[in-house]
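Lettering of chains follows the sequences in order, A, B, ..., and the numbering in each one begins at 1.
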Number of protein chains: 2
Amino acid sequence: MSHTLGARQAQKQKTRRALLDAALGLLEEQSLSSLGLREVTRAVGVAPTAFYRHFRSVEDLGVALVEEALGSLHPMIRTIVSTTGDGDERVARAVELIAGHVDAYPAHVRFIARERHGGVRVVRGAIREQLALFAGEVRDALASDPVSLGWEPEDLLMLAQLYVDQMLVTASALLEAVGDGAGERERVVRDAVRRMRLIGIGRAHWVGGG
Amino acid sequence: MSHTLGARQAQKQKTRRALLDAALGLLEEQSLSSLGLREVTRAVGVAPTAFYRHFRSVEDLGVALVEEALGSLHPMIRTIVSTTGDGDERVARAVELIAGHVDAYPAHVRFIARERHGGVRVVRGAIREQLALFAGEVRDALASDPVSLGWEPEDLLMLAQLYVDQMLVTASALLEAVGDGAGERERVVRDAVRRMRLIGIGRAHWVGGG
DNA sequence: AAAGTCAGTGAACAACTGTACGCAAAGTCT
DNA sequence: AGACTTTGCGTACAGTTGTTCACTGACTTT
């Protein structure tokens with residue numbers, strides 16, 4: 001069924017990639033709901049109608065971008081979550097990992113930050129779904145940690161969501177910081193570390209019920 | 001200088017309001033960078049060219065919306081911040097206040113959440129600026145609290161930003177919850193309260209330096 | 001009462017949009 | 001080798017967009 005992906009499929013994938021990349025580039029300075037199909041094909045250098053061979057609409061392309069941007073992030077989540085060591089070390093390691101990802105895929109990060117609350121319903125839904133998966137993974141990791149012994153399941157999920165949100169806030173802050181001076185980036189990283197540390201302290205002294 | 005604002009100016013203000021409201025309505029299901037000038041005037045029932053009598057462009061209208069949506073929020077910030085009482089009471093009061101605001105001005109809240117990372121640079125800048133003002137106010141309030149005695153100024157601002165971010169996260173979560181069942185809303189409120197409480201606990205046990 | 005201001009009009013413009021249709025040509029299968 | 005499939009092309013259409021211009025008519029000022 002899958003020898004080496006015939007030259008036919010290969011070319012198709014290539015065009016598809018080009019469309020996705022061009023869209024991602026254009027989305028650095030606008031949002032998905034204003035992105036035109038023709039705009040994308042023009043940037044790639046193919047006829048407008050070629051678009052339909054790959055996506056049913058721009059919204060469809062948006063969903064594909066979500067899966068690409070967030071689907072590939074699961075390994076990183078697991079890496080962060082399974083990192084051993086002292087609390088502060090873990091936080092620093094996690095923020096470094098996030099910063100590295102932002103440097104490597106800035107357009108993906110910007111896209112997610114922008115479209116998470118953006119104007120396209122299905123894309124918002126796709127992002128929400130992926131983030132819920134992340135929160136689930138983080139919660140499971142938190143659950144298998146002695147610190148979480150007295151915790152109720154509900155509170156664990158709450159904390160996991162807080163961590164996921166912080167991850168996004170940090171990523172988006174880093175993105176905004178690349179424009180400003182070089183020192184700005186370090187300031188953002190330091191701030192992110194301290195936010196995470198404060199949350200960690202809250203976690204350590206948490207008392208359920210209330 | 002301001003007798004009773006002649007019938008001329010009054011009518012102008014009325015149309016301006018209509019434009020802002022129509023735009024706000026249209027922005028519930030799309031983002032600013034895809035909002036057309038003609039779309040807005042059509043919704044109001046005036047000629048496209050009338051738009052220019054009030055705003056230079058749609059971006060301009062966006063900035064006006066930011067000032068309207070966030071400028072009017074300063075009193076609420078001060079109310080939250082100056083509320084006295086036990087920690088948990090304050091948190092519950094604050095979340096209630098936020099929830100009330102979301103109920104009263106859902107379109108404004110949606111607009112801010114959407115355009116904070118949206119595709120229009122000047123609007124992002126305007127929002128960022130207002131949020132920085134909020135963070136400053138919160139920091140000042142935190143500074144004049146005995147709990148913050150050992151705190152460095154930098155850390156106080158960090159905490160203030162964390163609170164402001166949480167406010168937005170809560171507001172946007174409440175917005176998404178109105179569609180789902182009635183119980184969903186209470187769940188979101190409970191979650192928000194616990195997040196804020198956890199942060200408060202982290203604050204109480206914070207140790208600077210490190 | 002006359003002169004001036006100015007919010008809103010309506011027609012016209014070039015440029016753009018998404019989508020439908022049939023065609024070409026290259027890859028794949030029998 | 002021949003039949004089939006399918007990616008991409010070109011043309012065309014109706015509808016939309018932002019912006020310009022000269023205009024009307026109600027309100028203000030003198």
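- For Gln13(B) and dG8(C), the CD to C1' distance is 15 Å, given to the nearest whole Å.
- In this structure, Gln11(A) does not reach the dT6(D) phosphate: none of its side-chain N or O atoms is under 4.0 Å from OP1 or OP2.
- The distance from atom CG of Leu37(B) to atom C1' of dC16(C) is 15 Å, rounded to the nearest whole Å.
- Side chain of Arg114(B) to main chain of Leu27(B): a donor-acceptor pair is present (N/O by atom type, distance under 3.5 Å, no hydrogens or angles).
- No side-chain heavy atom of Ile199(A) sits less than 4.5 Å from a side-chain heavy atom of Arg203(A).
- No donor-acceptor pair under 3.5 Å is formed between the side chain of Ser34(B) and the backbone N or O of Gln30(B).
- Note: CG (Leu35(B)) to P (dT17(D)) measures 10 Å, nearest angstrom.
- Phe55(A) has its CZ atom 13 Å from the P atom of dT7(D), to the nearest Å.
- Arg56(B) places its CZ atom 12 Å from the P atom of dT19(D), with the value rounded to the nearest Å.
- Using a distance-only test at 3.5 Å, with no hydrogens or angles considered, a donor-acceptor pair links the side chain of Arg124(A) to the main chain of Gly118(A).
- One can place CD of Gln30(A) at 10 Å from P of dT17(C), the figure rounded to the nearest angstrom.
- Within the 4.0 angstrom heavy-atom criterion, only backbone atoms of the sugar-phosphate kind lie near Thr15(B); the bases stay farther away.
- Of the possible polar contacts, none joining the Ser148(B) side chain to the Ser144(B) backbone as a donor-acceptor pair under 3.5 Å is found.
- Lys14(A) has its NZ atom 15 Å from the C1' atom of dG27(C), to the nearest Å.
- Toward the 5' end of DNA chain C, the nearer of the two residues Gln9(B) and Arg38(B), judged by each one's closest nucleotide, is Gln9(B).
- Here Glu184(B) pairs with Arg187(B) in a salt bridge; the nearest charged N to carboxylate O distance falls below 4.0 Å.
- Side-chain atoms of His54(B) lie closest to dG8(C) of the nucleotides dC6(C), dG8(C), dG18(D).
- Across the protein-nucleic acid pair, Arg17(A) atom CZ and dG8(D) atom C1' stand 19 Å apart, rounded to whole Å.
- Remark: the backbone N or O of Ala126(B) is not paired with any side-chain donor or acceptor of Glu129(B) at under 3.5 angstrom.
- Against DNA chain C, the stretch residues 39-53 of chain B makes heavy-atom approaches under 4.0 Å through Val46(B), Ala47(B), Thr49(B), Ala50(B), Arg53(B).
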